[in-house]
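Report on one structure; see the data block that follows.
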Amino acid sequence: MKTPYQPQDIESKWQQYWEDNKTFEVDSNTDKPKFYLLSMFPYPSGVLHMGHVINYTLGDAIVRYHKMLGEEVLSPIGWDSFGLPAENAAIRLGIPPEENTRNNITRMRVQMKRAGWGYDWRRELATSHPGYYRWTQWLFLQFFKKGLAVKKQAPVNWCPNDQTVLANEQVHDGCCERCGTEVIQKDLSQWFFTMSTMAQRLLDNHEKLSQWPDSVIKMQQEWIGRSEGARIDFTVTETGDKVPVFTTRPDTVFGVTFMSIAPEHPLVEKLVIGTPQEEKVMAEVKRMRQMGTSVKELVGMEKEGVFTGFHITNPVNGDKVPLWVANFALMSYGTGAVMSVPAHDQRDYEFAKKYDLPIKVVIKPEDIDLDPKTMTEAYVSEGLQINSGPFDGKPNKAAMPEIINWLDENGFGAKTINYSLRDWLLSRQRYWGVPIPIIHCNDCGAVPVPEDQLPVTLPKSVEFKPTGESPLKQCTDFINTTCPSCGKPAKRESDTMDTFVDSSWYMYRYIDPRNEDAVFDSDLVNKWAPVDFYIGGIEHATMHLIYSRFFACVMQDMGLIKFQEPAKRLFCQGMVCKTSHYCNTCKWLHETEVKDGKCSKCGETVVSEVSKMSKTKLNTVSPDEIMNKFGADTMRLYILSDTPPDRERIWSEDGVQGAYRFLRRLWDLVHDKMPDLETTKDGDSSNDKNLLRVTHNTIKQATGDIDQNIQFNTALARIYELVNAIKSANNCSGKALREAIETVLKVLSPITPHICEELWSKLGHTQSLLDSSWPKVREEALKEDEITVVVQINGKVRGKLAVAPDISKDDLLAMAKADEKVAPMLEGKQIVKEIVVPKRLVNLVIK
RNA sequence: GCGAGAGUGGCGAAACUGGCAGACGCGCUGGACUUAGGAUCCAGUGGGGCAACCUGUGGGGGUUCAAAUCCCCCCUCUCGCACCA
């Protein structure tokens with residue numbers, strides 16, 4: 001009996017069915033081929049947004065497709081639940097982070113189930129759960145034992161608002177990526193993972209990542225920033241202090257006319273203190289260090305510096321050149337000191353011009369001479385060495401390796417490869433994170449907490465006030481302890497870990513989530529990992545996706561895992577955007593507050609633009625609202641239709657409507673056709689053939705689009721074609737009609753599982769669609785009796801021929817020439833060339 | 001500045017290895033039906049033209065029988081990085 005399409009009823013019914021039948025629960029010990037799909041886990045903010053919807057719907061569709069291929073599919077979900085928002089909520093609202101997080105997870109779990117995303121919920125994990133962070137601490141201790149976790153004094157990025165240190169990756173445009181406050185520099189003793197030692201390996205391993213997007217690989221390469229060159233050891237003329245520099249242009253070493261060092265360089269204070277120029281230099285240094293590092297400031301920033309009063313001896317020629325503190329020298333790159341060659345480096349050139357420093361040419365173009373007095377910019381192209389001692393007359397490019405060898409032989413320096421990748425600063429002066437399992441003892445130093453005492457549990461009663469120190473520092477019960485080594489009173493480390501540590505290994509814990517004896521069972525992890533298909537946002541390209549690669553390398557070295565890349569295939573989904581409206585007086589407006597391009601509150605003209613959905617821009621759409629109105633299937637269908645999932649998508653209310661109407665039409669269509677399926681009489685054979693050809697073409701195209709291209713928009717286009725074909729199919733056999741309809745339900749089911757399951761069961765099936773198999777293409781069904789071949793004259797289409805697919809070239813040509821539209825155009829002309837592309841076209845070139 | 005990607009109807013977009021540009025959908029136009037619905041069905045829909053036909057994939061050149069697709073130059077937009085020595 002036909003009932004109207006009631007998505008909510010159907011959806012809760014099938015969600016219950018999947019739960020009751022443990023459909024998404026995975027047997028780790030299965031013999032079936034395995035497939036591990038992972039969508040990046042969410043931060044439990046308390047409410048799903050459309051970014052989650054695209055991420056998890058895409059993942060779920062691929063999971064369901066692979067289940068239908070007969071694979072054992074692991075699809076877990078969890079919570080990246082440590083982090084600042086929960087702590088900020090505690091400060092603002094007084095809700096303890098743990099409670100807040102728990103409530104948020106509960107709410108979001110309900111939403112996720114409602115969306116029909118199939119997960120093995122038995123494997124759910126939260127990084128803030130002691131059962132999880134115990135092993136984060138354990139891993140930290142392994143890193144510590146291997147010397148990969150070290151504490152060192154370093155200038156760090158400090159957010160004055162969040163009162164915490166930020167990793168370089170968390171600073172955007174000189175501002176905190178979370179709150180937007182301008183970041184300042186501060187010297188602190190901090191824990192680091194020595195990730196920079198892994199730079200080359202991370203770079204080399206990119207070749208294993210052929211199924212990652214090129215853009216991500218490129219970004220990582222740039223981030224790791226390998227450059228080849230030389231270290232050259234200069235000395236302070238007056239004191240003999242060594243000043244090593246890194247340069248990619250050792251061929252210009254004879255042209256050094258001054259040296260620039262970063263304001264933070266330790267040598268500055270060491271040299272200048274107690275000299276007459278101390279006051280002036282230190283004042284300048286202080287000013288330079290306070291200057292922002294934001295893009296805007298840097299671009300327009302004038303090169304500035306101050307002379308230290310000291311000189312530097314160039315080892316290669318004994319030249320004595322002035323030592324300057326310069327704002328363009330970066331402490332964080334190379335050695336913090338730059339050999340400055342104004343003739344051949346534009347920055348050095350500008351600096352030299354400004355402070356009237358000498359310019360010495362050591363590379364000249366072949367045909368002309370360069371005069372420092374008339375040069376208007378640095379000469380950075382290739383040329384011949386001059387004023388370069390033993391290398392005069394040689395082309396600079398060829399001389400480069402010789403110069404490096406010569407530096408090495410004479411003890412002046414050595415070949416060096418420099419990386420921009422820095423060590424990973426993981427200390428955070430905040431409460432809501434994993435406590436670093438270290439005890440500081442006056443006698444024994446930094447002592448690791450013994451493994452049998454893990455986890456070091458976060459205390460619950462703490463005072464949440466941003467003081468610049470971890471709230472844990474105020475918590476004496478937590479802080480005061482005894483040294484595990486000597487037994488004397490000692491203090492616990494009060495900093496917690498960057499949450500990126502938590503997310504660097506979660507993909508393995510899902511495989512063995514409740515193991516209390518080990519971080520995980522290595523055999524199981526080696527069986528299921530690496531992740532076959534990893535889905536997440538491009539914003540993680542240089543953070544999470546480098547950190548977790550680093551972890552995998554270390555864990556492989558430790559023997560925990562046998563591979564060194566966490567994911568075989570990576571897919572980055574696009575952002576969900578929507579038009580936002582801005583009024584100069586009333587600021588951001590809801591769509592409903594805009595009438596005819598004017599603000600309905602003040603009447604002013606509104607500026608509208610498409611931008612990423614965000615709370616501040618008031619252009620978000622709530623998944624709950626969509627599910628209430630139309631159901632989860634409509635939301636899922638809409639989010640995967642129209643736009644390829646890796647591209648930015650612009651939200652359209654009409655598009656959602658369209659998706660809903662399609663499902664309703666499908667519902668009606670299947671019900672209407674049901675009586676016809678029972679007829680045993682033969683239909684018209686050519687009608688059957690046509691319907692089945694469309695059916696199998698849909699299977700062929702849609703399978704490729706889902707499996708390889710991850711293009712649900714085009715897969716859906718083929719499904720729509722098939723639905724249209726079913727709609728207009730008359731006088732077909734019940735068998736053919738059934739095959740066509742069941743194909744629609746199968747191929748559509750990964751996208752809109754609930755309605756498909758319901759219709760599938762109404763067609764008499766007692767098992768879930770997920771227990772049926774993905775349809776296979778019957779090649780003979782694709783064969784066409786007649787195809788259209790285009791006839792062109794001089795490349796323009798002039799006629800069309802309906803022919804048998806296996807027609808001979810000669811016959812085809814003859815038919816083309818005889819075509820009623822073509823023939824008259826050939827009269828009196830000479831055919832110069834005849835091109836026949838079988839099954840496609842005939843092109844006649846005439847004069 | 002460096003690196004990457006993109007530019008196709010009113011809109012989201014298709015187009016295999018160079019072979020009928022605009023699949024599929026939204027919107028729109030006209031019609032049908034009606035239990036008047038956020039419905040359904042039929043027809044049309046790149047632009048110009050009554051038409052035959054002409055024209056059309058950011059702009060300009062080129063290769064080719066044939067170019068959205070390949071090559072060169074230019075423009076615009078998006079993203080990432082950025083005083084990297």
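First the proteins, then the strands, lettered A, B, ... as listed; each starts at 1. The structure displayed is predicted, hence computed values, not measured ones.
Atom P of nucleotide B:C83 and atom CD1 of A:Ile261 are separated by 19 Å, given to the nearest angstrom. The CZ atom of A:Arg647 sits 16 Å away from the C1' atom of B:A4 (whole-angstrom rounding). Atom CG in A:Leu330 sits roughly 10 Å away from atom P in B:A85 (whole-Å rounding). For the pair A:Asn709 CG and B:A13 P, the interatomic distance rounds to 17 Å; values are reported in whole Å. Atoms NZ (A:Lys218) and P (B:A4) sit 6 Å apart, rounded to a whole Å. We find that CD of A:Glu609 is positioned 13 Å from C1' of B:U78, with the value rounded to whole Å. Rounded to a whole Å, the CE atom of A:Met331 is 16 Å from the P atom of B:A85. When the P atom of B:C79 is taken as reference, atom CH2 of A:Trp223 falls 17 Å away, rounded to whole Å.
For the OP1/OP2 pair of B:G12 and a distance below 4.0 Å, the side-chain nitrogens and oxygens of A:Asn713 include no atom meeting the criterion. Proximity of A:Tyr720 to the phosphate of B:G25: no side-chain N or O atom is located under 4.0 Å from OP1 or OP2. Regarding contacts with the backbone of B:U55, a side-chain N or O of A:Lys796 is found under 4.0 angstrom from either OP1 or OP2. When the side-chain nitrogen and oxygen atoms of A:Asn724 are compared with OP1 and OP2 of B:G25, one or more of them lie within a distance under 4.0 Å.
Pairing for B:G3 goes to B:C79, judged as Watson-Crick or G-U wobble with the two contacts each under 3.5 Å. In this entry B:C65 has B:G19 as its Watson-Crick or G-U wobble partner, both defining distances falling under 3.5 Å. In this structure, B:A43 forms a base pair with B:U29, meeting either the Watson-Crick or the G-U wobble geometry with both donor-acceptor distances under 3.5 Å.
The minimum heavy-atom distance linking A:Val285 with A:Pro263 is given by the pair CG1-O, 3.4 Å.
Closest to the A:Arg347 side chain, of the nucleotides B:A85, B:C53, B:A13, is B:A85. If you check B:A21, B:G12, B:C65 against the side chain of A:Val797, the one that comes closest is B:A21. Of the candidates B:G27, B:A85, B:G38, the closest approach to any side-chain atom of A:Asp654 belongs to B:G27. Comparing B:A23, B:C84, B:A13 against the side chain of A:Arg718 picks out B:A23 as the nearest. Taking only side-chain atoms of A:Arg661, from C-beta outward, the nucleotide of B:C26, B:C20, B:G12 with the closest atom is B:C26. Taking every side-chain heavy atom of A:Lys833 into account, B:C65 is the closest of B:G38, B:C65, B:G19. When the nucleotides B:G19, B:C53, B:G38 are ranked by their closest atom to the side chain of A:Lys821, B:C53 comes out on top. If you check B:C20, B:G25, B:A85 against the side chain of A:Asp642, the one that comes closest is B:G25.
Every residue two or more places apart in sequence or in another chain was checked for a side chain to side chain donor-acceptor pair (under 3.5 Å) with A:Thr643, and none qualifies.
To the nearest 0.5 angstrom, A:Cys577 atom SG is 12.0 Å from A:Trp651 atom CH2.
A 4.5 Å side-chain heavy-atom check between A:Ile417 and A:Arg226 finds at least one atom pair inside the cut-off. Residues A:Val216 and A:His540 form no side-chain contact, since every pair of their non-hydrogen atoms from C-beta on lies 4.5 Å or further apart.
Residue A:Ala329 is classed as a base contact, given a heavy-atom separation below 4.0 Å to a base. Across all strands, A:Val837 comes closer than 4.0 Å to base atoms (heavy-atom distances). Within the 4.0 angstrom heavy-atom criterion, only backbone atoms of the sugar-phosphate kind lie near A:Glu721; the bases stay farther away. Within 4.0 Å (heavy atoms only), A:Thr248 reaches sugar-phosphate atoms of the nucleic acid but no base atom. Residue contacts shown for A:Glu834 are absent, as no nucleic acid heavy atom lies under 4.0 Å away. Note on A:Arg798: only backbone sugar-phosphate atoms sit closer than 4.0 angstrom, heavy atoms only; bases stay farther off.
Between A:Lys821 and A:Asp819 no salt bridge is recorded (no basic side-chain N to carboxylate O distance below 4.0 Å).
Under 3.5 Å, the side chain of A:Glu222 and the base of B:G3 form no donor-acceptor pair of N or O atoms. You won't find any donor-acceptor pair under 3.5 Å spanning the side chain of A:Arg249 and the base of B:A85, going by distance alone.
Of the two residues near RNA chain B, A:Ser215 and A:Gln711, the one whose nearest nucleotide lies more 5' is A:Ser215. Comparing A:Asp345 and A:Arg664, the nucleotide of RNA chain B nearest to each residue sits closer to the 5' end for A:Arg664.
On the P atoms, B:G25 is 26 Å away from B:U57, given to the nearest whole Å. Comparing the same atom, C1', in B:A85 and in B:G80 gives a spacing of 22 Å after rounding to whole Å. For B:U34 and B:C41, the C1' atoms lie 11 Å apart once the distance is rounded to whole Å. Taking atom P on both nucleotides, B:G56 is separated from B:U69 by 14 Å, rounded to a whole Å.
Aromatic rings from A:Trp212 and A:Phe571 are positioned such that their centres are separated by 6.0 Å or more. Outside the 6.0 Å centre-distance limit, the rings of A:Phe630 and A:Tyr638 are not counted as a close aromatic pair.
A side-chain N or O of A:Arg549 and one of A:His206 form a donor-acceptor pair less than 3.5 Å apart. A donor-acceptor pair shorter than 3.5 Å can be found between the side chains of A:Ser580 and A:Ser611.
Look at B:G10: its glycosidic torsion is beyond 90° from 0, and that puts it in the anti range.
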Output one line per pair: protein atom, nucleotide atom from nucleotides 41-51 of chain B, and distance, for all N/O pairs under 3.5 Å.
{"unit_1": "B:C41", "atom_1": "OP1", "unit_2": "A:Lys727", "atom_2": "NZ", "d": "3.3"}

